[in-house]
*Asks:* 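Once you've had a glance at the structure underneath, I'll fire off some questions.
Model, not experiment: these values are computed from the prediction. Quick note on labels: first sequence line is chain A, next is B, and so on, each numbered from 1.
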Amino acid sequence: MDDLLQEFIAETRETLEALSGEIVLWEAQPADRARLDAIFRFVHTVKGSCGFLDLPRLGRLAHSAEDVLAAVRDGKRTPDTALVNAVLAIVDRIGELTEAIAAGVPLDDTTEDLLIAALAEDAAPRKPATPPAPQGQTIAGTPQSRIANRSVRLGVELLDRMMAGMSEMVLARNELARRLRDAAPDPRVEGALERLSLTVAEMRDTITRTRMQRIEALFSAIPRMVRDTAAPLGKQVTLAIEGSDVELDREMIELLRDPLVHIIRNSVDHGIELPSERRLAGKKENGRLVVSARQSGNRILIEIADDGRGIDVARVVAKAVKSGLYTENDVARMDEVQRLELIYCPGLSSRDTVTATSGRGVGMDVVRANIEQIGGRIALRNTPGRGLIITLQVPLTLTIIPTIVVAVGAQRFALPRQSVEEIVSLNGGAVRIDPLGDARVATVRGQRLPLVALGDLLDIPTEDPRVLVIMATREGNFAMAIDAVLDTEELVVKPAAPAVMASGLYAGQTLPDSGLPLLLLDSGGIAAVAGLRFAPTMNDAADAVHAVEEAGITALLFDDLDGARRAIALGVVDRVETAPFALIRTTGGRRHLTVEGGVIPLIAVAEPTGGEGVAVLRLTDGFAEIGYAIAEPHEIVTLPAAIAPARDRPGIVGVAVIDGEQIELIDPHALFAGEAPVSTERPLCLLRCDGSGWMDTFLRPVLEASGYRCALWSDGNPNQPGAITLTMDDCPADVPLDAVLTLRRQVAATPGSTSIYRYDRTALIAALESRLTRAGGSKRNAA
Amino acid sequence: MSELFLIAHVAGRAIAIDADQVASVVDIGQVVSVPRASGVVRGLAALRSRVVTVIDTQAALGHGAAGTPGRAVIACFDGHFYAFLVDALEDVAPFERTHLSSGMALDHGWGSCAAGVIERDGEPLLIVDLVRLVPMPIAA
């Protein structure tokens, strides 16, 4: 919340500075509609932010000023000097209050009633002279020292130059490394180069982060906002947020903030009906609001969908005519889309009553102006009685996308990892390819997918493709045949020239460290160019969604013994205490903790180490008690509404995003049911990394999801009994063969080799299991 | 009023390019092709830290694909950088821009990008507007 407050302060300061000119001009010409609109927007924005940030004083000031300005806009009041003065006094006061909040000093509020009273129509004519006077006093009374903000605003151009310089530096480093490899290398020079490489990589990461931000920064405030908007209106809203991990230019995030707030408030306030109305309309009592972000081609789409009443176009049209914006004749000539777009007219609202949250029609015209200012577009899909979907499209100026680099013939392309479902080898026999008419289909584990040979599609001469990539699009999946998977890389993607984008196949271009440009393929574009047609599918994620009302679950955040940060519902935790090691014993086949008057089972995901004792969460279901050993308790947090369900992880109920971090949630039900695994039951895999980090980034999650523990192999880490070592086929084999699983980079196996293609997930897990059974068997025999 | 023009050779003849359009003149290294793009787009090349779209000037003028890329003229339109392949480059010099004499029949590629004529030592040279060589999507 502090961040948001800081942003609010910075933004208000900035707008006030920009507004000061407008205010002077409005004072000179009170009839000027454009100036009036600008000031109106300012107070409206302040009001909106105040409701959200819980700043009632500011909110009251802004609300009363907005009321008066709305009356002026509607022609109910004339902007005379008294009114202008009163409004300006309020604007000044907002500035002072903002500074007071920034400085954290209290500000006397006795004059505020006077300021608001001065706005009244029947305010005595001498009143206008009063507001500036108390204001003067407050200025004298409060030190107007500005508290320095711990953030600075920089020109985007400067950041761009920094980014360009960074890329240049990377290329120069690569060039230097190449030259050094050719010459006889001096170890000292190599050491220096190594250090340079590390610094350059780190710098690049930092500099990139200065430009990029996860859209989560924008989305994290939504649940609270929806709740605060819905509660006073007596509405129930189920919120689902998708795609928080899309990364966007910071500039865009800043510019999207206001439009998004407006749209979401509108959806809750105007769109979603009261529970009773919804029941009558045959809908669920809980309104449904889905906010999602995704990258599509060279644009980012942000979609706000509700299942409320939609826009009543007839009423919008009637209001437009009534307010004199259009004549009956104008309206009669409009088509349905144009009529719907009347909601973008300033001063037009589809709602008749004004509420504290929204509803003055200031929203949509501002929203559209803001979106178009950043080169975006806004689209409405209105289904009266069924809901409204608003799509904001913003250009992808620059983004970092995790990609998989693939080869087709002599050419390389990057695929967004987001759209790659799976990579399967064509040699493994797991895939069948059959002709179907003049097309081909691939059958992967019983699933039939249309097949696109990328080489044929792109007219690139290629040998027999050996790898199949299952690509996901919005409509459905398809299989794409390529020659090889080369690498995985996080790439800074920029839009390509229109002449290149025109082909519809690409999402952007990038310059990787190799110094050769690389094109990012767009999965939707490939499907479209290849002429694939998918039957429309309905995926209602309602079941996976947790109601906002249920979001109030508090949980304890802690570091688990294996180093992971997890959370557990606070209701289960009786207390946290430190247990001396002497009280922990492995008795009766499992760990137990001696407590006052008996023993309780103790769960530990790893061996507790260090110090005097171990922190233990005493969990209770009111009847039985269990101890859960942890490394360190952290804080109490409120769980977000959206929790991703866990797969194949006994003891973990799901994953929640807390403060931008993915946190596993402990499943207390499983703990008490005795299902939770203890460390010894999770076999250990030693990863023998070859420096590329492939094992750590690609393999580890797969193994961990399948119930294995992973550790990095090292010389000082001797082969533990029962552990399986995974190694690449070019590593020396110096451990007993039955405990080693060799992976190969090539799809094709060399004869006589027992290695497994590294992307053949099924075979890999199967081989692990079989080796484990053998190792376990021999161990049992030995015992 | 005379303006500065860069004289280049494309498809065996000399052309003039408005120096205001020219950001720099470079040697193009390896070009990565862009499958399924217009034939005028030769591909992408790296120019320092920037990716440029390489335009086959000769093909854009309707003379068939050019040979191995060598010299190129860099220009920036709408925030995108383009490299226009040329056979050879001469100097930049001030010339007087005159209108294309009426009745001149230029074939398709030349006709659409001609922006006037300059006269160098009595020899008329066509002014080529680089921006019109860039293929644009129809519905932009």
*Asks:* Mind ranking A/Leu519, A/Asp459, A/Thr510 by heavy-atom pairs under 4.5 Å with chain B and telling me who comes out on top?
*Replies:* A/Leu519
*Asks:* Under the side-chain hydrogen bond (donor to acceptor under 3.5 Å, both in side chains) criterion, do B/Thr98 and B/Glu119 qualify, and how do the steps go?
*Replies:* CA-CA 8 Å; B/Thr98 53; B/Glu119 208 180 285; over 6 Å; no
*Asks:* Output yes when a side-chain donor or acceptor of B/Arg36 lies under 3.5 Å from a complementary backbone atom of A/Leu458, and no otherwise.
*Replies:* no
*Asks:* Among A/Leu518, A/Leu457, A/Ile460, which has the most heavy-atom pairs under 4.5 Å with chain B?
*Replies:* A/Leu457
*Asks:* Which label fits B/Trp110 and B/His63: parallel for a plane angle under 30°, tilted from 30 to 60°, or perpendicular past 60°?
*Replies:* perpendicular
*Asks:* I'd like to verify something: which residue of A/Gly165, A/Ala410, A/Pro517, A/Gly504 has the highest number of heavy-atom pairs under 4.5 Å with chain B?
*Replies:* A/Pro517
*Asks:* For the candidates A/Leu505, A/Val529, A/Leu511, A/Val500, which exhibits the highest count of non-hydrogen atom pairs separated by less than 4.5 Å from chain B?
*Replies:* A/Leu511
*Asks:* Please classify the contact between B/Tyr82 and chain A as side chain, backbone, both or neither, with a heavy-atom cut-off of under 4.5 Å.
*Replies:* side chain
*Asks:* Measuring heavy-atom distances to chain A, does B/Val32 have an atom under 4.5 Å in its side chain, in its backbone, in both, or in neither?
*Replies:* both
*Asks:* Do NZ/NE/NH1/NH2 and the carboxylate oxygens of B/Arg120 and B/Glu90 come within less than 4.0 Å?
*Replies:* yes
*Asks:* Look only at the side chain of A/Gln411 and the backbone of B/Ser33, and say whether a donor-acceptor pair between them is shorter than 3.5 Å.
*Replies:* yes
